[in-house]
Amino acid sequence: MSIFSYVLFYGVMFILSIWSLKTDEKKRNWIFMAICISFFVFYGFRDVMIGYDTKTYTRYYNSKSADCYVMLEKLFYYFAYLCWSIHIPTKLYIALLTLFVIIINSRAYYLAFQLDNRYLCIAYVGMLCLPYAIMMNINVVRQGIAISALLLSAVLLDGKYKRTGIIVAFIGCLTHYMGFLILAACIVLYFIKKKKNIYAISIGGCTLGIVAGVGGIGKKILELLPNNQMTRRVLGYLNKPVTMSTVIKLAVYFLIATIIIGIMIRYKVEIGNLEKLFLAIYMMAGAGVSCITVANRLLISIDLLIPILLLRPSMTQRVETCGGISEKKLYVKGIMLFCIAMYLYGIFFDPVKANLGF
């Protein structure tokens with residue numbers, strides 16, 4: 001995969017998404033479908049030796065050994081076993097994992113923009129421009145699948161699909177157990193009715209977690225946890241060296257998340273399940289600062305949520321109501337520029353560059 005082909009592909013996707021603004025609702029849906037298929041082909045049928053996690057999955061899959069999957073979630077092993085049984089080649093196995101992520105994300109975005117799909121294509125392409133959303137598609141990491149499932153679940157729960165939303169959330173958590181931590185935080189926020197209390201608990205919980213992490217209290221608490229697969233994995237991260245770039249990246253993403261919360265407060269956004277999912281990730285990332293690797297993995301996953309959270313119809317309507325049409329146009333352009341800036345950062349300066357193979 002060359003940097004030229006990568007930038008060219010994204011350039012075409014941007015042109016399609018901007019063109020969709022000038023079309024009607026029906027044509028936008030067709031353009032959205034074309035964009036989704038294009039991303040699946042581009043990410044799905046590629047060199048399987050690109051991306052750390054993809055390389056690992058490829059090695060495990062080729063070994064055809066259950067022992068390799070001991071540290072992975074059972075659902076992941078069962079899917080690999082099914083593919084072995086029907087003799088699916090490695091490249092198709094990786095493509096299927098990519099397909100799952102694309103289907104889950106695209107379904108979540110499509111449902112969230114059903115009332116007004118004007119910014120649907122812009123939001124979806126914008127999401128796939130953000131560096132860690134890119135990595136979650138290139139690497140098809142289990143965490144990416146879990147967060148995508150929770151995203152779809154939140155959208156379903158905000159709509160008329162309550163039972164389906166609960167099932168999707170549970171299945172998603174089975175692909176990566178970190179999802180259960182986020183789900184637990186979401187459940188806590190679900191039972192809080194007052195908007196100011198939700199913000200207070202989210203920001204307060206995040207702040208207390210950061211203080212506990214910096215003070216070393218969190219590490220001592222983690223060491224008291226019962227001995228099981230999840231805690232062993234978390235404790236294993238405690239001894240890993242932490243680079244300054246990881247600390248800076250975590251700080252930047254905390255700043256981005258805090259700004260988004262400020263935007264939500266500024267425009268008096270009604271807090272639905274999607275907003276609670278975002279706040280739950282923010283809170284749990286702060287609580288997990290004692291183990292910076294875990295906190296980092298949690299917080300960067302908001303890349304999958306940022307465009308849908310900020311461009312969904314209910315949000316842009318709030319912007320227009322509070323600031324007028326001119327502010328709404330400036331707001332949308334600002335989000336588009338943010339996505340482009342993060343895309344350029346990802347491919348030129350971030351580890352995403354290494355995962356892309358150039």
Side-chain angles (χ1 to χ4, degrees), residues 104-105 107-116 119-120 123-124 126-127 130 133 146-162 165-166 168-169 172-173 179 181-207 209 253-287 298-323 328 331-332 334-335 338-339:
I104 295 169
N105 281 329
R107 185 62 179 166
Y109 273 69
Y110 176 77
L111 289 174
F113 286 84
Q114 267 193 320
L115 293 177
D116 180 2
Y119 300 119
L120 170 61
Y124 189 72
M127 180 269 288
L130 299 178
I147 300 297
S148 297
L150 289 174
L151 168 60
L152 176 57
S153 173
V155 174
L156 289 169
L157 289 169
D158 278 336
K160 301 176 181 178
Y161 312 97
K162 308 295 184 184
I166 294 170
V168 169
C173 291
L181 298 176
I182 299 170
L183 189 59
C186 285
I187 292 171
V188 170
L189 295 178
Y190 179 80
F191 289 104
I192 301 169
K193 301 304 179 184
K194 289 187 177 180
K195 194 185 299 184
K196 63 178 182 180
N197 291 344
I198 293 174
Y199 285 128
I201 289 172
S202 303
I203 297 171
C206 179
T207 305
Y253 264 79
F254 269 124
L255 177 61
I256 291 171
T258 305
I259 290 171
I260 291 172
I261 292 173
I263 292 171
M264 290 164 61
I265 295 172
R266 158 71 176 85
Y267 293 113
K268 301 176 182 177
V269 176
E270 290 300 320
I271 300 179
N273 288 295
L274 184 57
E275 286 78 14
K276 286 176 182 175
L277 174 61
F278 170 78
L279 292 170
I281 293 173
Y282 176 77
M283 182 168 62
M284 292 308 297
L298 271 168
L299 197 57
I300 61 177
S301 64
I302 65 170
D303 272 2
L304 295 171
L305 278 67
I306 292 173
I308 191 173
L309 194 67
L310 297 180
L311 289 175
R312 64 194 301 211
S314 58
M315 183 67 191
T316 52
Q317 184 59 49
R318 288 303 308 161
V319 175
E320 185 176 337
T321 302
C322 295
K328 176 183 172 182
Y331 170 83
V332 173
I335 295 169
F338 167 77
C339 293

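Position 1 is the first residue of the sequence, and the numbers go up from there.
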Those residues at least two apart in sequence (or on a different chain) that pass ring pair (Phe, Tyr, Trp, His ring centres under 6.0 Å) with Phe278 are none
query = How about Ile256 and Phe338: do any of their side-chain heavy atoms sit closer than 4.5 Å?
reply = yes
- [ ] Report, as yes or no, whether the 6.0 Å neighbourhood of atom CZ on Arg318 holds more than 12 heavy atoms from other residues, nucleotides or ligands.
- [x] yes
One should read off an interatomic distance between Tyr119 OH and Arg312 CZ, to the nearest 0.5 angstrom, of 15.5 Å
Exactly one of Asn105, Leu305, Ile306 clears side chain to side chain contact (heavy atoms under 4.5 Å, CB included) with Met127, and that residue is Asn105
So the side-chain hydrogen bond (donor to acceptor under 3.5 Å, both in side chains) pairs with at least one residue in residues 256-265 (sequence neighbours excluded) are Thr258-Tyr282
All heavy atoms of Phe113 vs all of Pro313, minimum pair found to be CD2-CD, 3.8 Å
So CD1 of Ile187 and NZ of Lys276: to nearest 0.5 Å the spacing works out to 11.5 Å
Here the pair of heavy atoms bringing Pro307 nearest to Ala123 is CB-O, 3.3 Å
Across all chains, not counting sequence neighbours, the side-chain contact (heavy atoms from CB on, under 4.5 Å) partners of Met284 are Leu181, Ala185, Leu298
Atom pairs and distances, side-chain donor-acceptor, residues 149-159, under 3.5 Å, sequence neighbours left out:
from, atom 1, to, atom 2, distance (Å)
Ser153, OG, Gly165, O, 2.6
Asp158, OD1, Asn273, N, 2.9
Asp158, OD1, Asn273, ND2, 3.0
Asp158, OD2, Asn273, N, 3.4
Asp158, OD2, Leu274, N, 3.3

SG of Cys173 to CD1 of Ile182, rounded to nearest 0.5 Å, is 7.5 Å
Sequence neighbours excluded, the answer for salt bridge (charged side-chain N to carboxylate O under 4.0 Å, His left out) partners of Lys328 is Glu320
Nearest heavy-atom approach of Ser148 to Ile104 is O-CG2, 3.2 Å
Output for pair (Ile281 CD1, Leu299 CG), nearest 0.5 Å, gives 8.5 Å
Separation between CG (Leu309) and CD1 (Ile260), nearest 0.5 Å, reads 6.5 Å
Only distances under 3.5 Å count here; give the side-chain donor-acceptor pairs of residues 189-200 to other protein atoms, sequence neighbours excluded, each with its distance to 0.1 Å.
from, atom 1, to, atom 2, distance (Å)
Lys195, NZ, Val269, O, 3.3

Applying side-chain hydrogen bond (donor to acceptor under 3.5 Å, both in side chains) to Tyr267 and not counting sequence neighbours gives Glu327
Shortest non-hydrogen pair, Met315 vs Ile263, comes out as CE-CG2, 3.4 Å
Rounding to 0.5 Å, atoms CG (Leu111) and CG (Leu120) come to a distance of 10.0 Å
Closest heavy-atom pair, Ile308 versus Ala108, reported as atoms and distance to 0.1 Å, is CD1-O, 3.8 Å
Ser314 meets the side-chain hydrogen bond (donor to acceptor under 3.5 Å, both in side chains) criterion, sequence neighbours left out, with none
By side-chain hydrogen bond (donor to acceptor under 3.5 Å, both in side chains), Ser202 pairs with (sequence neighbours left out) none
Sequence neighbours excluded, the answer for side-chain hydrogen bond (donor to acceptor under 3.5 Å, both in side chains) partners of Tyr253 is Asp303
Any chance OH of Tyr110 has more than 12 other-residue heavy atoms, nucleotides or ligands included, within less than 6.0 Å?
no
